[in-house]
Amino acid sequence: MQNTPQQSPITLRINAGLKKRYNTEKRFKRMGISAIVIAMTFLVFLFGSIISNGYTAFQQTYIQLDVSFDQTFFTGENLAAANFPGLVKKTLYSMFPDVTSRNDKKLLTQLVSSNAAFRLMGMVTKDPKLIGTTQKIWVLADDDVDMLIKGHYDRNVAESNRRINDKQLAWIDALAANGKITKKFNTQFFTSGDSREPEQAGIWGATRGSIYTLFIALALSFPIGVAAAIYLEEFAPNNGWTDLIEININNLAAVPSIIFGLLGLAIFINFWGMPRSTPLVGGLVLTLVTLPTIIIAGRAALKSVPPSIREAALGIGASKIQMVTHHVLPLAMPGMLTGTIIGMARALGETAPLLMIGMIAFIVDIPGSVTDPATVLPVQIFLWADSPERAFTEKTSAAIIMLLAFLMLMNGLAVYFRNKFERKW
Amino acid sequence: MLYNYTLPCILILSAAAFLLGRSKAQAITRHSGLRSLHSLPTHYGVLTAMACAIPAMMVFAVWQMAESPVITSMIVKNLPEEVRQLGANEFTLILNDIHNFVEGNIVSDSVNPAIQAAAEHYAELQAGARNLVFNLITFTMLVTTGLVYFWIKAELRARNLVESVTMVFLIGCSVVAILTTIGIILSVLFEAIRFFKAVPLTDFLFGLDWSPQTAMRADQAGSSGAFGAVPVMVGTFLISFIAMMVAIPIGLLSAIYLAEYANSSVRTIAKPMLEILAGIPTVVYGFFAALSVAPLIRDIGQFAGLSVSSESALAAGLVMGIMIIPFISSISDDVIHAVPQALRDGSYGLGATKFETVKNVVIPAALPGIVAGVLLAVSRAIGETMIVVMAAGLSANLTFNPLKAVTTVTVQIVTLLVGDQEFDSPKTLAAFALGLLLFVFTLILNFIALRVVRKYREQYD
């Protein structure tokens with residue numbers, strides 16, 4: 001006997017609408033997926049565009065010169081004062097004997113970076129025995145040659161719209177046919193400071209500046225942040241004053257970082273007379289920027305230590321400070337370190353406040369101390385991004401790749417700390 | 001010179017003081033038993049070290065701050081009459097010359113004998129004073145250490161003393177946050193007040209024209225500068241609005257999807273990916289906007305027959321929106337997770353689908369938290385600097401067209417303050433007035449948002 005269920009009018013109505021409701025459900029789920037896919041696409045697009053623009057900067061074009069260190073060039077006492085640019089020119093002219101007009105000679109010498117003369121000078125002053133011999137030496141090519149070799153310049157564009165004209169093109173092809181032009185790993189990029197010439201520019205100066213700045217920021221913000229977190233979490237009475245401090249910290253965490261730069265400019269530089277453009281002031285400003293993050297992370301870490309630890313310590317006669325320094329703080333330390341590393345990673349990427357305190361100056365020398373004028377990696381990226389030369393686009397992307405690598409390293413370290421030392425109670 | 005080694009000296013002597021104090025306490029325990037001592041021997045050591053280091057550090061810090069003004073005022077008296085009669089600006093230059101000379105830097109002009117003499121005098125005074133201060137510091141350290149050393153006896157409550165000093169340090173560190181806020185307010189407010197003396201407040205807030213290039217000399221032709229902040233504010237809101245139009249739907253939908261629909265394997269991949277977006281420095285986004293997104297939008301615009309500025313608000317806003325997505329999604333994720341499961345179960349029990357539960361139960365319950373998160377995100381968008389500096393324009397156009405170039409508050413602050421300029425011109429001070437505007441606005445947004453979040457947390461705790 002079959003029992004067909006009696007369908008009430010309500011059930012009928014519900015069933016009639018069911019398909020529509022399920023469709024809405026599916027549509028909503030698809031919207032959620034597409035939101036995530038869009039965000040991922042942006043991420044991939046961003047990384048793709050930066051890596052595709054930047055990876056070529058890790059190689060640089062070099063030209064091989066057959067330099068004959070002729071005695072006639074080194075007549076003076078001081079070897080470093082010899083006419084090295086002249087030597088480079090003479091070498092180039094001898095490689096292309098058919099180039100005779102003054103204008104063409106000038107075009108020819110433009111193929112080699114101005115750095116070549118310095119390189120020869122370095123070699124000769126280091127080893128004077130080179131004089132009188134002929135050497136095959138690889139020197140840096142000019143950035144335009146570099147861009148051409150890497151294929152960033154289109155050869156088919158009309159000559160007037162090209163940075164490299166037809167004659168230079170022919171010379172470069174001749175060099176390439178003889179194997180006298182090649183791409184090598186770009187050590188210059190990792191060892192030198194900023195330069196107006198893209199082929200000579202490097203990130204080491206900015207990296208040093210970043211290290212000094214972060215060192216100051218870490219040395220100040222870690223102890224201050226930990227102490228403030230301990231006070232607020234373990235000792236502060238529950239009153240208006242504590243509330244005020246808490247509201248202040250939460251607000252500071254959301255204040256735009258450029259405002260901290262204004263504070264640094266007005267108080268550290270103009271009022272206290274600290275030197276402009278230095279990692280010292282940069283570090284102080286970044287201390288203030290990162291302090292709220294570190295305090296908030298520190299408090300969370302202290303909060304996660306169970307009260308039984310505190311009670312046990314107090315129970316066997318420890319004072320409150322002993323309880324904190326001997327028991328709670330060591331247990332909370334991994335969490336605090338994680339928070340500090342994340343805060344430092346944020347400080348490493350911070351640009352705007354450092355522009356305010358003049359860390360944007362063009363600095364070729366590699367800073368040697370915290371009071372030397374310096375720039376930092378993100379500001380270097382900003383400066384290069386503003387430069388018109390095509391070769392700087394590549395350098396900027398490469399610097400960004402390095403910056404992101406440092407950030408990933410720091411965040412990876414934070415994750416490692418968290419996984420290794422985190423305790424679930 | 002010994003003065004340069006003051007800090008290491010203090011450290012070494014303090015370490016010695018620690019050993020000294022501890023050994024005396026240990027001597028007492030050997031003599032009359034461990035239980036006769038009030039505190040641990042280490043506490044006596046730390047107390048002695050503190051007594052050694054703290055007063056010495058104070059003297060050192062006071063002198064570090066006072067040195068330059070004190071010695072400068074001493075040499076100013078000896079400067080020749082005609083130098084002292086100079087105007088304030090030139091006088092500062094002369095003083096700078098003297099300071100540079102003392103530090104062995106290159107001096108701007110040919111050296112004036114009077115300046116050279118003053119510099120030598122300065123160096124002489126500085127060396128003498130520094131010797132004196134070094135001796136004073138050493139003397140202080142010896143005296144305080146000695147006093148505490150002889151004070152140590154079994155009944156001395158060393159632990160309590162050490163702990164109260166530690167407490168003062170802890171409180172001092174937590175006050176840094178308040179000092180920072182005060183510092184921000186003072187630095188921005190004072191300069192802004194000086195600006196408003198030159199430019200009336202109403203002109204600044206309601207003026208429709210912004211061109212801060214003022215003439216350097218009074219008789220120079222050219223603009224006298226216009227400081228109406230309305231176009232700058234409109235530009236800021238336009239870009240922030242575009243950013244929020246990108247970030248709110250994407251951020252919210254992905255948060256809901258991850259919290260309500262996604263299985264754990266999707267979540268473990270998608271969440272860190274979103275966090276990567278949050279960890280990328282803004283200067284990278286700025287470069288990305290200027291290099292890739294802006295040309296792309298311009299090309300699409302050309303294809304569609306629209307004229308798009310290469311520094312369009314759309315490009316800057318779009319990329320800023322991407323930057324803010326993880327911000328919104330992580331806050332929304334938190335608040336959605338805070339909605340009690342019982343509310344969802346109740347809704348499912350009545351036969352609702354997941355979407356209906358989200359729409360009618362979860363979102364209304366989480367709304368205050370989501371709104372607060374959006375407010376915080378707006379405040380971040382308004383204060384964001386590098387993306388707009390690199391991808392938005394410099395000229396202040398009063399327009400709501402997202403395809404045109406507009407400028408923002410932060411862009412103007414950066415362009416007005418980067419580079420060398422005199423600190424008193426309205427042009428420079430205008431940056432601080434804009435800074436004040438930015439600070440007050442973001443402060444209000446943050447304050448409301450944090451209030452709402454706090455209230456909301458209490459609701460379900």
Side-chain angles (χ1 to χ4, degrees), chain A residues 21-22 24-25 28-29 31-33 35-36 38-40 42-43 46 49-50 53 224 227-228 230-232 235 244-245 248-252 254-256 258-259 262-263 265-267 270 273 288 291-292 295 319 321 345 349 351-352 355-356 360 378 381-382 385 393 396 400 403-404 407 411, chain B residues 68 159 163 166-167 169-171 173-174 176-178 180-181 183-184 187-188 191 249-250 253-254 256-257 261 270 273-274 276-277 279-284 287-288 290-292 322 325 353-356 376 379 383 385-386 390 410 413-414 417-418 423 432 435 438-439 442-443 446-447 450:
Chain A
R21 284 169 66 201
Y22 283 154
T24 321
E25 175 75 23
F28 185 66
K29 196 173 168 184
M31 276 164 71
I33 294 174
I36 289 179
I38 289 172
M40 298 294 126
F42 279 135
L43 189 68
L46 191 151
S49 101
I50 282 165
N53 268 304
I224 297 178
I230 290 175
Y231 176 74
L232 291 174
F235 297 103
L244 181 70
I245 295 179
N248 246 302
I249 290 171
N250 287 333
N251 261 327
L252 282 179
V255 165
I258 191 170
I259 301 276
L262 290 178
L263 164 91
L265 176 62
I267 291 189
N270 286 326
L288 299 182
L291 205 49
I295 296 178
S319 70
I321 295 229
T351 322
L355 300 183
M356 299 287 96
I360 189 176
I381 290 167
F382 173 60
T393 308
T396 315
I400 287 176
L403 178 65
L404 290 178
L407 286 175
N411 283 309
Chain B
S68 175
R159 181 174 59 73
E163 289 186 352
T166 315
M167 275 311 286
F169 172 71
L170 293 184
I171 294 174
C173 286
S174 63
V176 170
I178 291 188
T180 311
T181 309
I184 288 175
S187 57
V188 179
E191 309 296 344
I250 297 182
L253 279 172
S254 51
I256 292 172
Y257 180 77
Y261 288 91
M273 292 282 264
L274 284 175
I276 289 178
L277 277 179
I280 294 173
T282 53
V283 68
V284 177
F287 181 66
F288 174 63
L291 182 79
S292 308
I322 302 173
I325 289 172
T353 62
K354 263 198 165 162
F355 168 65
E356 284 157 355
L376 283 177
S379 119
T385 310
M386 292 323 290
M390 294 168 87
T410 46
I413 294 177
V414 169
L417 284 183
V418 165
F423 203 65
F432 284 90
L438 184 65
F439 181 65
T442 51
L443 191 71
N446 298 340
F447 196 75
L450 292 171

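In this text, all values refer to a predicted model and were calculated from it rather than measured experimentally. So that the names make sense, note that chain A is the first sequence line, chain B the second, and so on, each numbered from 1.
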*Determine the option with the most heavy-atom pairs under 4.5 angstrom with chain A, choosing from B:Val283, B:Ile280, B:Thr410.*
B:Val283
_Minimum side-chain heavy-atom gap A:Leu232-B:Leu170 below 4.5 Å_ = no
_Per-residue contact mode, B:Leu291 against chain A (heavy atom under 4.5 angstrom)_ = side chain
*With salt bridge (Lys or Arg N to Asp or Glu O under 4.0 Å) as the test, would you mind laying out the steps for B:Glu356 and A:Arg21 before giving the verdict?*
CA-CA 9 Å; B:Glu356 284 157 355; A:Arg21 284 169 66 201; 2.7 Å; yes
*Mind listing the closest non-hydrogen atom pair of B:Ser379 and A:Ala254 along with its distance?*
OG-O, 3.9 Å
*Heavy-atom distance under 4.5 Å to chain A: side chain of B:Tyr261, backbone, both or neither?*
side chain
*Under a 4.5 Å heavy-atom cutoff, which of B:Ile256, B:Val284, B:Val188, B:Leu274 has the most pairs with chain A?*
B:Val284
*asked:* Let's go through A:Tyr231 and B:Met167 carefully: what are the C-alpha distance in whole Å and the side-chain angles of both, what is the deciding distance for side-chain contact (heavy atoms from CB on, under 4.5 Å) to 0.1 Å, and is it a yes or a no?
replied: CA-CA 8 Å; A:Tyr231 176 74; B:Met167 275 311 286; 3.9 Å; yes
*For B:Pro281 and A:Leu404, work out which heavy atoms get closest and say how close.*
CD-CD2, 3.9 Å
*Counting only N and O atoms by type, is there a donor-acceptor contact under 3.5 Å from the side chain of A:Glu25 to the main-chain atoms of B:Thr353?*
no
*For the residue pair A:Ile245 and B:Ser174, what are the closest heavy atoms and their distance?*
CG2-O, 3.5 Å
_Greatest number of heavy atom pairs closer than 4.5 Å to chain A - which of B:Thr166, B:Ile171, B:Leu443_ = B:Ile171
*Which is it for A:Met31 and B:Phe355 under the side-chain contact (heavy atoms from CB on, under 4.5 Å) test, yes or no, and what are the steps along the way?*
CA-CA 11 Å; A:Met31 276 164 71; B:Phe355 168 65; over 6 Å; no
_Within this structure, what is the CG-CG distance for the pair B:Leu277 and A:Leu46, rounded to the nearest 0.5 Å?_
8.0 Å
*Interface residue of largest heavy-atom contact number with chain B, from A:Asn250, A:Thr396, A:Asn411, under 4.5 Å*: A:Thr396
*Can you name the closest pair of heavy atoms from A:Met40 and B:Ala270 and give their distance?*
CE-O, 4.0 Å
*Specify the closest pair of heavy atoms between A:Ile259 and B:Gly435, including all atoms of both residues, with the distance to one decimal.*
CD1-O, 3.4 Å
_For chain A, which candidate among B:Thr442, B:Ile178, B:Thr385 shows the most heavy-atom pairs at distances under 4.5 Å?_
B:Ile178
_Selection from B:Ile325, B:Asn446, B:Leu450, B:Thr181 maximising heavy-atom pairs under 4.5 Å formed with chain A_ = B:Asn446
*Which atoms of A:Ile36 come close to chain B, meaning under 4.5 Å heavy atom to heavy atom: side chain ones, backbone ones, both, or neither?*
both
*Please lay out, stage by stage, how A:Phe382 and B:Phe287 fare under the test side-chain contact (heavy atoms from CB on, under 4.5 Å).*
CA-CA 8 Å; A:Phe382 173 60; B:Phe287 181 66; over 6 Å; no
_Heavy-atom cut-off 4.5 Å, strictly under: side chain, backbone, both or neither for B:Ile184 against chain A?_
both
*For A:Lys29, look at atom NZ and say whether over 12 heavy atoms of other residues, nucleotides or ligands are found less than 6.0 Å away.*
no
*Please test B:Leu417 against A:Leu262 for side-chain contact (heavy atoms from CB on, under 4.5 Å), starting from the C-alpha separation and ending with a verdict.*
CA-CA 9 Å; B:Leu417 284 183; A:Leu262 290 178; 3.3 Å; yes
*Which bit of A:Ile33 is near chain B, if near means a heavy-atom gap under 4.5 Å: side chain, backbone, both or neither?*
both
_Side-chain touch A:Pro256/B:Leu438, heavy atoms, less than 4.5 angstrom_ = yes
_Residue A:Ile224 versus chain B: region with a heavy atom under 4.5 Å_ = both
*Return the option, out of A:Leu355, A:Leu244, A:Ile38, with the maximum number of heavy-atom pairs under 4.5 Å with chain B.*
A:Leu355
*asked:* Could you check whether any side-chain heavy atom of B:Phe288 comes within less than 4.5 Å of a side-chain heavy atom of A:Ile400, counting everything from C-beta outward?
replied: no
_Structural part of A:Ala345 lying under 4.5 Å from a heavy atom of chain B_ = neither
*Shortest non-hydrogen separation from A:Leu407 to B:Gly279 and the atoms involved*: CD1-O, 3.9 Å
*With only heavy atoms counted, which part of B:Met386 is less than 4.5 Å from chain A, the side chain, the backbone, both or neither?*
side chain
*With rounding to the nearest 0.5 Å, note down the distance linking CD1 in A:Ile50 to OG in B:Ser292.*
7.0 Å
*Leading residue by heavy atom contact count with chain B [cutoff under 4.5 Å; candidates A:Leu288, A:Leu252, A:Ile249, A:Ile267]*: A:Leu252
*Examine whether an atom of B:Leu376 lies under 4.5 Å from a heavy atom of chain A, and if so say whether it belongs to the side chain, the backbone or both; otherwise answer neither.*
side chain
